[in-house]
Each structure stands twice: as structure tokens, then as C-alpha cells.
Amino acid sequence: MPETFPETTLRSERLTLRPFSALDIPGVQVGCSDTATQRWLPLARPYTRDNATTWCTVTAHALRQSGDGIHFAVTGHPSARLVANVGLRHTDWDTLTTEIGYWVAPGARGDGIATEAVRRVAEWLFTERSFERLELRAAEGNTASRRVAVKAGMTQEGVLRSAGVTHGGRVNLVLFACLPDETVPGDDVGRRM
């Protein structure tokens, strides 16, 4: 049996991060069909309701159960509307290292949602799960994602040449990372980026 993260719900000042459910299908379809999301993530094109259903009811849960990571549906308070996805993947249980990724729904961008969610997951990962390293890889041209990494307290470590694939072809990935003593909540969460 592989090591796995426990099924978990996290809360921050404005957000709830919880397991995906069938209630998230419409929001996932909208978020993953969005032009900006599709530009940087190699998702199915077109991203159909069936794709969203499979993600919300099967794939996200199977990835946790396999030990790969854990994926959260991010909802806002008090509406409980899906505003983002944040997840851990490529978890190395021997070195206690994992990689974080995210997308934000079109109507929720620019409000610090991704930064707040990344900080909350990092806090949980380091304090409750005793992990030693959190990494993030963002396409070199994805300035919004790179800005989130910096605002979340991550340090840029280098560029991985031709290491990523988007619908437009191969891209360089900028590698960011943080260690347990480097994540500090900032006063910019919730401010427009």
C-alpha cells in the first residue's frame, strides 16, 4: 500500500480547500475550458463535461489514493462557489518533497486566491505533514503564475530548459521552491496582483 495524504479539508481566512465532488463539475469545466488556463496547462481540448466529471469524481481521488499527491477544490466564503484548484503531485515520500500547481477560475483572478491557497497548503504540508521541500514549476511566459510563487514565499531556483509542454509546444519551466522555515504569511493576501 503506497503512502498517501489523508483526505483533508483546509480553511484560510477567505477559502475552503476540500476534496472534489460532483458539485464541482460545472466550475471545473468552465475553469479548464478557459483560454488562459488552456494556454498554460495541457488539458483536453475541448474540455468537456465528461472530462470535468471524470476529474471531480474519479481522477482527483485516484491520484490521492495512488500516493501521487492531493488535489483540492478551492471555494470562497460564504458562497462555496468553486474559485480555483490547487494540488500536490509527483510526491516523493522518501525525501518528503512534492510539487504544487493551481489554476484560478476566470472570475476570481486578480484577488490573491492562488497565493492564499498555496500558502495554506504549504503551511499544512510543513507543519502537519512534516514535509521538507515544496516545489513549483511555471512556464517561463506565465507571469501570473510566477508572481503567485513569489508572493507565496517561494524562491526562484532556476530555469528547466524545454521541460514543459503546452498546446503551443515545448516551454522552459521556472523552478521555485520553499522549505519549512521560509513560508511566512504576508499582508498582501487578498490584494489584487
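For residues 127-137, the pairs satisfying side chain to side chain donor-acceptor pair (under 3.5 Å) are E99-R137, R133-E135, R133-E157, E135-R137, with sequence neighbours left out. Within the structure, the ring pair (Phe, Tyr, Trp, His ring centres under 6.0 Å) test picks out the following pairs touching residues 32-61 (sequence neighbours left out): F20-W55, W55-H71. Pairs passing the salt bridge (Lys or Arg N to Asp or Glu O under 4.0 Å) check and including a residue from residues 47-65, sequence neighbours excluded, do not occur. Sorted by first and then second residue, the salt bridge (Lys or Arg N to Asp or Glu O under 4.0 Å) pairs with a member in residues 22-31 read R18-D24; sequence neighbours excluded.
Remark: side-chain polar atoms of R146 are paired, donor with acceptor, to backbone N or O of E140 under 3.5 angstrom.
In this view, S162 and R170 satisfy the side chain to side chain donor-acceptor pair (under 3.5 Å) rule, not counting sequence neighbours. Remark: A36 engages D34, R109 in a side chain to side chain contact (heavy atoms under 4.5 Å, CB included) (not counting sequence neighbours). Taking R45 as the reference, Q38, H167 meet the side chain to side chain contact (heavy atoms under 4.5 Å, CB included) condition, with sequence neighbours excluded. Partners of A163 under the side chain to side chain contact (heavy atoms under 4.5 Å, CB included) rule, at least two apart in sequence or in another chain, are L160, L173. Considering only residues two or more places apart in sequence or on other chains, T75 meets the side chain to side chain donor-acceptor pair (under 3.5 Å) condition with none of them. In this structure S33 satisfies the side chain to side chain donor-acceptor pair (under 3.5 Å) test with no other residue, sequence neighbours excluded. Considering only residues two or more places apart in sequence or on other chains, L41 meets the side chain to side chain contact (heavy atoms under 4.5 Å, CB included) condition with T37, L43, W103.
When hydrophobic residues (I, L, V, M, F, W, Y) are linked wherever their side-chain heavy atoms come within less than 4.5 Å, L23 remains an isolated member.
The side-chain heavy atoms of L63 and R89, taken from C-beta on, include no pair separated by under 4.5 Å.
Aromatic ring pairs are classed by plane angle as parallel below 30°, tilted from 30° to 60° and perpendicular above 60°; the pair W124 and F72 is perpendicular.
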